[in-house]
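Before any comments, here is the structure.
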Number of protein chains: 2
Amino acid sequence: MHYRKSRQRERILQLLRETRAHPTADWIYKKLKNEIPELSLGTVYRNLKVLIDQGKVRKLPFGSTFDRYEAGTEPHYHLVCEQCGAVTDFQMPQYKTIHKKAELMSSFKIHSHRIDFFGICEKCQTTLKKKERRKHYGSRK
Amino acid sequence: MHYRKSRQRERILQLLRETRAHPTADWIYKKLKNEIPELSLGTVYRNLKVLIDQGKVRKLPFGSTFDRYEAGTEPHYHLVCEQCGAVTDFQMPQYKTIHKKAELMSSFKIHSHRIDFFGICEKCQTTLKKKERRKHYGSRK
DNA sequence: CTGGGTGCAAAATCTTTGCAGATCC
DNA sequence: GGATCTGCAAAGATTTTGCACCCAG
């Protein structure tokens with residue numbers, strides 16, 4: 001896909017780069033609406049997608065698609081498989097260290113923190129390997 | 001609010017406790033639909049809310065309400081204010097250590113990780129303090 | 001020209017709510 | 001009994017898409 005340039009896209013990127021907060025699509029839309037009155041929300045969403053595809057913007061993971069719930073009581077972290085989307089609990093020490101350090105370094109009163117690791121789970125690793133192998137022998141599309 | 005008990009709610013909680021994954025409301029709904037055919041998705045959502053209120057379940061934060069985007073290139077963590085919802089970047093060392101440790105301890109091939117700290121930002125801290133003070137002198141509702 | 005980009009509005013997704021009836025205490 | 005729960009369906013909220021026209025290369 002060969003991208004052209006457009007005022008809308010350029011402004012969206014620029015706006016994101018200027019902002020320390022992490023805006024929502026709607027925030028961006030409203031912010032630019034004054035400057036580009038014909039702008040539509042659909043365009044904002046479409047351009048965010050393009051920018052993500054170009055690697056210039058990232059969507060904070062664990063977003064929208066669905067809320068997720070857990071009943072666990074023990075504090076723990078999460079492993080998220082980027083391939084199949086599975087979320088697994090992950091026990092790991094050093095909670096307090098990182099917690100305290102963050103509290104010292106910021107002006108926040110920190111109550112809790114959360115760590116998510118993103119990668120490929122064991123199952124998907126083997127699946128992917130199989131696919132890789134097939135590619136070498138199989139026909140090329 | 002005084003909660004009674006209901007089969008639906010009990011089963012939802014039980015299901016969440018049995019599951020290592022972090023289900024979506026829809027997953028729960030489908031899973032229980034066989035057992036309780038009259039069950040409706042609305043009830044699942046309502047009960048999840050009650051369970052959260054009772055502190056028995058938590059919703060993984062940073063959920064649905066809105067997707068959020070950022071253009072930053074440097075790796076960094078996030079500070080999220082639980083009062084006003086602001087998200088701020090937070091620079092902090094020790095990326096590699098925790099990353100490697102997690103890779104060793106899990107069977108995942110880890111690509112990246114993310115840390116969010118939740119608490120109260122400076123601004124809200126002062127606002128809250130003011131409110132607290134007022135409470136002592138002001139009229140009680 | 002050609003294919004990406006845009007606005008608009010309709011559709012799709014996910015979540016919340018109003019209502020009338022069933023249920024728990 | 002009366003507040004709490006439920007199912008159902010309608011309404012909300014957020015995101016995606018189809019279509020016809022516009023514009024960059």
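Note that these values count all heavy atoms, side chains included, but never hydrogens, waters or copies made by symmetry. The structure presented is a predicted model; accordingly, all values stated were derived computationally and were not measured. Every chain is numbered from 1 and lettered A, B, ... according to where its sequence line falls, protein lines coming before strand lines.
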Residues that B/Lys100 engages under side-chain contact (heavy atoms from CB on, under 4.5 Å), provided they are two or more places apart: none

Which residues share a side-chain contact (heavy atoms from CB on, under 4.5 Å) with B/Arg7, sequence neighbours left out: B/Arg11, B/Glu35, B/Ile36

Nearest-angstrom distance from the residue atom [atom1] of [X] to [atom2] of [N]:
{"X": "A/Asp53", "N": "C/dG4", "atom1": "CG", "atom2": "P", "answer": "13 Å"}
{"X": "A/Tyr29", "N": "D/dA13", "atom1": "OH", "atom2": "C1'", "answer": "15 Å"}
{"X": "A/Glu10", "N": "D/dC23", "atom1": "CD", "atom2": "C1'", "answer": "14 Å"}
{"X": "A/Leu41", "N": "C/dA10", "atom1": "CG", "atom2": "P", "answer": "16 Å"}
{"X": "B/Ile52", "N": "C/dT16", "atom1": "CD1", "atom2": "C1'", "answer": "13 Å"}
{"X": "A/Lys49", "N": "D/dT14", "atom1": "NZ", "atom2": "C1'", "answer": "12 Å"}

Contact pattern, 5' to 3', of nucleotides 3-9 of chain D - B, S or - by protein heavy atom under 4.0 Å: BBSBBB-

Under the rule for side chain to side chain donor-acceptor pair (under 3.5 Å), what residues qualify as partners of [X], not counting sequence neighbours?
{"X": "B/Lys30", "value": "B/Asp26"}
{"X": "A/Lys33", "value": "A/Tyr29"}
{"X": "B/Gln54", "value": "B/Lys56"}
{"X": "B/Thr43", "value": "B/Ser40"}

For A/Glu122, salt bridge (Lys or Arg N to Asp or Glu O under 4.0 Å) partners two or more places apart: none

Bending between helix ends of the helix from C/dC1-D/dG25 to C/dC25-D/dG1 [5 pairs per end, 10° resolution]: 30°

Test side-chain contact (heavy atoms from CB on, under 4.5 Å) applied to A/Arg9 and A/Leu48, A/Val44, A/Leu51, the passing residue: A/Leu51

